[in-house]
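Notes follow once the structure below has been shown.
Only this structure's heavy atoms are used, side chains among them; waters, hydrogens and symmetry mates stay out.
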Amino acid sequence: MSESQKVADRPSAEPPAANGVDRFFKISERGSTFGREVRGGFATFFTMAYILVLNPIILGSAKDKFGHTLDTGQLVTATALVACVMTVIMGVGGNLPLAIAAGLGLNAVVAFQLAPLMSWPDAMGLVVIEGVLICVLVLTGLREAIMNAIPQQLKQAIGVGIGLFIAFIGFVDAGFVSRIPDVAQTTVPVQLGAVGHLAGWPVLVFCLGVLLTIALVARKVKGAILISIVTMTVLAIIINSVADIKNWGLMTPKVPDKIVEAPDFGLIGHFSLFGAFGETSAITVVLLIFTLILSDFFDAMGTIVGISAEAGLLDEDGQVPNIGRVLFIDGAAAVAGGLGSASSNTAYIESASGVGEGSRTGFSNLITGGLFGLALFLTPLLTIVPLQAAAPALIAVGFLMMTHVKHIDWDKYEIAIPAFLTIAVMPFTYSITDGIGAGFISYVVIKAVLGKAKEINWLLWGVSALFLVYFAIDPVEQILGVK
């Protein structure tokens, strides 16, 4: 969203708060309304509801060291419960429109790196330890200090990179873009559609959804993103009922046989805090925790900065409001994910869809969190929105976040090159953390070779060194004899 548009969206004089809820969440103060917050809460939920299906698939498809698997029904309950509780806590405690759920990428680390070396309770125990350590970093002020040490234009680049990243996610999730199988022996990693061209009704739903969304956004229609999601879901249900469609992906748009389903809380509290140390070497455990912390730490940091910037909530120094509480709650979400056996939870970049709908406060989190709460009992009903209907929102929001690229001084190479690498690496590696790491390392190197090493905050030196270890983790493990 452009700066001029943000200014236009806000009243010239701060309106009086309507009631105590308005005052608590600063809804009027931030130029929002209850209607925008509600619409934003719904939009965020629908663009991230896929996690109710995807997290159980990822965690449920892996076996631990002893050949045990996790129950899918229990995983759905755990995923929804932790997302519900932590999203509401972030809304009330952090007052930012940042929804929380099981982190993609982090759950893959738990499933395919941790579990094969130990039992599932041991793996979830490491997630708890990771979250506790992140909270400690927050309490010591180190996490906030690192965020404050990042140059403002590099923060803008993080937001732009996230915009391209979530747009890419939208194209991939909808099937508009797909990975070319390795057996093709080609250097081209992705292609149009599944076979080099678009085919099938699901992709058509996505394309129509993109056109509808951008048309509504261009006309500045209130509720544009939510209107598009609901409209395309209805269309998808109709198409699915009359056409022979073999696969919609994770969620099929059809009226469910049953609406209510009782939750199964069997996995809640099923963790072992220090059991991993008895199953594998201490060095291995430490490296696994390091990987979890670094990924969670900077994924969340990038998301928090990017979403706050898009919402126009950064102050004149580029700082996030209530950042201490926000970072602590995000760390606590990792702890909660381990306690609930849902894997590490973190702030979601899909929150940008709610911001694009007008969310500016934590009140929208009450809506998103409430819907996750309903999902505990109404999962069959709330998972009928196909990715093809939700993904257009990510394309639109990707455009809005891309507009921040104008704030970067592209004539000043010492910031332009790190900014470019940050922006490019995120979508190309499918990782926020990797993009931030590339930006940090290049920023430090370029400043140093230009004789401006004294301008680099000492924290950026330290973090860049950690990122070098992160990128070189394989040879490091070999040197330490872990592999």
- request: To the nearest 0.5 Å, tell me how far I395 CD1 sits from F176 CZ.
  value: 8.5 Å
message: Let me confirm one number: the CG-OG1 distance from L313 to T361, rounded to the nearest 0.5 Å.
response: 9.0 Å
- request: Would you mind reporting whether P97 and S364 have side-chain heavy atoms less than 4.5 Å apart?
  value: yes
- prompt: Does F428 have any ring-ring contact (aromatic ring centres under 6.0 Å, His included) partners at least two apart in sequence or in another chain, and if so, which?
  reply: none
query: Can you name the nearest heavy-atom pair linking T368 to A99, along with the distance?
result: CG2-CB, 4.0 Å
- prompt: To the nearest 0.5 Å, how far apart are CD1 in I129 and CG in L288?
  reply: 11.0 Å
- prompt: Counting distance only, does the side-chain N/O of T44 pair as donor-acceptor with the main-chain N or O of G354 below 3.5 Å?
  reply: yes
- prompt: For S228, which residues count as a side chain to side chain donor-acceptor pair (under 3.5 Å) partner, sequence neighbours excluded?
  reply: T213
Shortest non-hydrogen separation from F471 to D434 and the atoms involved: CZ-O, 3.6 Å
task: To the nearest 0.5 angstrom, please state how far the CD1 atom of I134 sits from the CG atom of D296.
output: 4.0 Å
task: Would you mind reporting whether L96 and I307 have side-chain heavy atoms less than 4.5 Å apart?
output: no
- request: Look at atom CZ of F112 and say whether more than 12 heavy atoms of other residues, nucleotides or ligands are closer to it than 6.0 Å.
  value: yes
- request: Output the distance between atom CG (L211) and atom CE (M232), rounded to the nearest 0.5 Å.
  value: 9.0 Å
message: Within the 4.5 Å heavy-atom criterion, are P418 and I446 side-chain neighbours or not?
response: yes
- request: Could you tell me which non-hydrogen atom of I225 sits nearest to which non-hydrogen atom of A393, and how far apart they are?
  value: CG2-CB, 3.4 Å
message: For the backbone of Q319 and the side chain of D315, can you confirm whether one donor and one acceptor N or O come within less than 3.5 Å of each other?
response: yes
task: Step by step, work out the ring pair (Phe, Tyr, Trp, His ring centres under 6.0 Å) result for Y470 and F290.
output: CA-CA 9 Å; Y470 171 78; F290 171 75; 7.3 Å; no
task: Output yes when a side-chain donor or acceptor of D173 lies under 3.5 Å from a complementary backbone atom of A391, and no otherwise.
output: no
4.5 Å side-chain heavy-atom contact, P386 and T233: yes
- prompt: Just how far is it from atom CG of N345 to atom CG of N55, taken to the nearest 0.5 Å?
  reply: 7.5 Å
task: Please tell me if the side chains of F165 and I169 come closer than 4.5 Å, counting only heavy atoms from C-beta onward.
output: yes
- request: Using atom types as modelled and distance alone, determine if a side-chain donor or acceptor of T87 lies under 3.5 Å from a backbone N or O of C84.
  value: no
message: If the threshold is 4.0 Å, N to carboxylate O, is there a salt bridge linking E37 and R360?
response: no
- prompt: Are H407 and Q153 linked by a side-chain donor-acceptor pair shorter than 3.5 Å?
  reply: no
field: Residue pairs, two or more places apart or on separate chains, that pass salt bridge (charged side-chain N to carboxylate O under 4.0 Å, His left out) and touch residues 343-357
entry: R39-E357
message: Ignoring hydrogens, what is the shortest heavy-atom contact between V110 and S343? Give both atom names and the distance.
response: CG2-OG, 3.6 Å
message: I'd like to know if the side chain of S442 and the backbone of A438 have a donor-acceptor N/O pair within less than 3.5 Å.
response: yes
- request: Count the heavy atoms of every other residue, nucleotide or ligand shown that sit under 6.0 Å from CZ of F467, and state whether that count exceeds 12.
  value: yes
message: Measuring only between side-chain heavy atoms, which start at C-beta, is V88 closer than 4.5 Å to L366?
response: yes
- request: Measure the acute angle between the ring planes of F45 and F372, then classify it against the limits of 30° and 60° as parallel, tilted or perpendicular.
  value: perpendicular
message: Please list all pairs meeting salt bridge (charged side-chain N to carboxylate O under 4.0 Å, His left out) that have one or both residues in residues 137-153, counting only residues at least two apart or in different chains.
response: R143-D330
field: Pairwise ring-ring contact (aromatic ring centres under 6.0 Å, His included) hits with a residue in residues 340-363, at least two apart
entry: F25-F363, F34-F363
Shortest non-hydrogen contact between S308 and V320, atoms and distance: OG-CG1, 3.5 Å
message: Just to verify, what does I456 make a side chain to side chain contact (heavy atoms under 4.5 Å, CB included) with, not counting sequence neighbours?
response: V444, K447, L460, W461
- request: For I180 and V190, run side-chain contact (heavy atoms from CB on, under 4.5 Å): C-alpha distance rounded to whole Å, both residues' side-chain angles, the deciding distance at 0.1 Å, then the answer.
  value: CA-CA 5 Å; I180 297 177; V190 294; 5.7 Å; no
message: On a heavy-atom basis, which atom in G40 and which in S359 lie closest, and how many Å separate them?
response: CA-OG, 3.0 Å
